[in-house]
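What's counted below: heavy atoms across the whole structure, side chains too, no hydrogens, waters or symmetry copies.
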Amino acid sequence: MKPESPFSKLPSLSELLGHPTVAQVVKRVNQTTIAQRATGFLEELQTNLRQRIDQGNVPSLGQLAERLARRLLGPAQTSLPAVNASGTVIGDRWPALPLAEPAVDEVVRLATEYHSGGTALRDRVSITLKELTGAEAVFVVNSFHTACELARAANLVFDQSRLAGLINPQQYGLGGYATINERLEWGTELIVLDGAGLLGGPPCGIIVGKQYLVDQLSYSTLAQLATPHDLTFAALMATLSLYQNKAQAVYQIPVWQLLTAPLENLEQRANRLAMLIGANEQIITATPTHYDGLWCDATDAKLTAPSWAIVVKPQPAAFDAVVNALQESSPQILAQMQQEEIWLDLRGVFPRWDQQLVAAFE
């Protein structure tokens, strides 16, 4: 009896196109582009995966769907995406964070149609933020820096809490960073934060607090010039809507998906990826390591929490070549370099990037 081909385990192109990950992309890309970019995908995949399948490592349907989704989107035309294996999920080095799918969908919907403009969308954002935070008034401007400058120009005392959101990471054993609600309950009258902080929305400046203080800022000429684009309001509104059910929000907002990933899951991934990376002849060892990683690295907060990393020790003669390969990989792999070791912290790595981490060492 003829043995079954390992490639028979691969799904068909129609199965991949029906996967939710790919379906999200299909909604955003026209059919002609999809047909062009999908052509030959499975044939190329068989060639690229031949060695891995021989080793018994058959990618899952989800992993293959992620590859096809990236192919359908095509190469980035502006800044390139990065696999964040640095361990720092949030902080000064990240002026923007991945948006939740509903926020992306809203931006695409608004950007691909005519819309009437007006104040309806920004009014909805203001009402929703007041409901979620308990603030008397809310004002949104185009950046966190602008929001701080507005408050300084008016000579107002304010709490500059860039990362503050609606969920305290302390709930998940990550070290406390007070929420907007908590700061208001403590008697803080004016808070300036960034929509791209623990809120997980688009970069923008958000001012919340007492009505009379917010009014002083919102009525100024400078404030009127700093109104965000409607696309920012659309992404912010979609993100805020997810917080109507905070228990579910942590599964839908990317920054919270990463921060609340169970340690057991990180450990399992570290063990599996270490074995695959360690199989490369340029690597002496790839060791799963449990340690306290710096997940928040900001001016006003340095927070650590238990995490899992893969400590990769390349051959001394190959160290520079391996580091260069990570930096030149597409997407680029961001990691910690310690002496002759490369630390890949999985706290900031979405599972969909696991195969890319392995591929970068091949």
S.K.: For the pair D215 and K210, find out whether any cationic side-chain nitrogen is under 4.0 Å from an anionic carboxylate oxygen.
M.R.: no

S.K.: Specify the closest pair of heavy atoms between L193 and A164, including all atoms of both residues, with the distance to one decimal.
M.R.: CD1-O, 3.4 Å

S.K.: Tell me which one of V89, I90, L259 satisfies side chain to side chain contact (heavy atoms under 4.5 Å, CB included) with C296.
M.R.: I90

S.K.: Does F139 share a hydrophobic cluster with V192, counting links as ILVMFWY side-chain heavy atoms below 4.5 Å and allowing steps through other members?
M.R.: yes

S.K.: Is there a donor in the side chain of T88 and an acceptor in the side chain of R93, or the other way round, less than 3.5 Å apart?
M.R.: no

S.K.: Would you name the heavy atoms of N271 and P288 that are closest together and state the gap between them?
M.R.: OD1-CG, 3.2 Å

S.K.: To the nearest 0.5 Å, how far apart are CG in N142 and SG in C204?
M.R.: 9.0 Å

S.K.: Determine yes or no for a side-chain-to-main-chain donor-acceptor pair under 3.5 angstrom, with N265 supplying the side chain and A261 the backbone.
M.R.: no

S.K.: About how many Å separate CD1 of I284 and CD of Q315, when rounded to the nearest 0.5 Å?
M.R.: 4.5 Å

S.K.: Quick test of your reading: applying side chain to side chain donor-acceptor pair (under 3.5 Å), list the pairs with at least one residue in residues 240-253, sequence neighbours left out, ordered by first then second residue.
M.R.: Y243-W256

S.K.: In this structure, which one of I253, N181, L198 forms a side chain to side chain contact (heavy atoms under 4.5 Å, CB included) with L166?
M.R.: N181

S.K.: What do you reckon, is NE2 of H145 surrounded by more than 12 foreign heavy atoms closer than 6.0 Å?
M.R.: no

S.K.: Looking at OG1 of T232 and NE2 of H229, how far apart are the two atoms once the value is rounded to the nearest 0.5 Å?
M.R.: 8.0 Å

S.K.: Enter the distance from L129:CG to I180:CD1 here, rounded to the nearest 0.5 Å.
M.R.: 6.5 Å

S.K.: Has the side chain of S329 got a donor or acceptor atom that lies under 3.5 Å from a matching backbone atom of Q332?
M.R.: no

S.K.: Evaluate side chain to side chain contact (heavy atoms under 4.5 Å, CB included) for V208 paired with I206, printing each intermediate quantity in order.
M.R.: CA-CA 7 Å; V208 300; I206 301 176; 3.9 Å; yes

S.K.: So, the side chain of D92 versus the backbone of T299: is there a donor-acceptor pair under 3.5 Å, distance only?
M.R.: yes

S.K.: Would you confirm whether R162, through its side chain, and G91, through its main-chain N or O, come within 3.5 Å as a donor-acceptor pair?
M.R.: yes

S.K.: Are V323 and V311 linked, directly or through other ILVMFWY residues, by side chains that come within less than 4.5 angstrom of each other?
M.R.: no

S.K.: Hey, what do you get for CZ (F233) to CZ (R124), rounding to the nearest 0.5 Å?
M.R.: 12.5 Å

S.K.: Does some side-chain heavy atom of T289 sit less than 4.5 Å from a side-chain heavy atom of W343?
M.R.: yes

S.K.: Taking T133 for the side chain and A135 for the main chain, is one N or O donor matched with an acceptor at less than 3.5 Å?
M.R.: yes

S.K.: Cut-off 3.5 Å, side chains only: do S86 and D345 have a donor facing an acceptor?
M.R.: no

S.K.: Can you measure from OG (S126) to CD (E131) and round to the nearest 0.5 angstrom?
M.R.: 10.0 Å

S.K.: Quick check against the 3.5 Å criterion: does E182 have a side-chain atom that pairs as donor or acceptor with the backbone of T179?
M.R.: yes

S.K.: If you compare all heavy atoms of D230 against all heavy atoms of L110, which two are closest, and at what distance to 0.1 Å?
M.R.: O-CD2, 3.6 Å

S.K.: Looking only at non-hydrogen atoms, find the nearest pair between A360 and A325 and report the distance.
M.R.: O-CB, 4.1 Å

S.K.: Would you call R269 and D354 a salt bridge, using N to O less than 4.0 angstrom?
M.R.: yes

S.K.: Within the side chain of E136, is there an N or O that forms a donor-acceptor pair under 3.5 Å with the backbone of Q211?
M.R.: yes

S.K.: Does the S220 side chain pair with the main chain of A223, one donor and one acceptor, at a distance under 3.5 Å?
M.R.: yes

S.K.: Check for me, please, whether L346 and L263 land in the same ILVMFWY cluster - side-chain distances under 4.5 Å, paths through other members count.
M.R.: yes

S.K.: Taking CD in Q224 as the centre, count heavy atoms belonging to other residues, nucleotides or ligands within less than 6.0 Å. Is the count above 12?
M.R.: yes

S.K.: Given 3.5 Å as the limit, does a donor-acceptor pair link the side chain of R347 with the main chain of P306, or not?
M.R.: yes

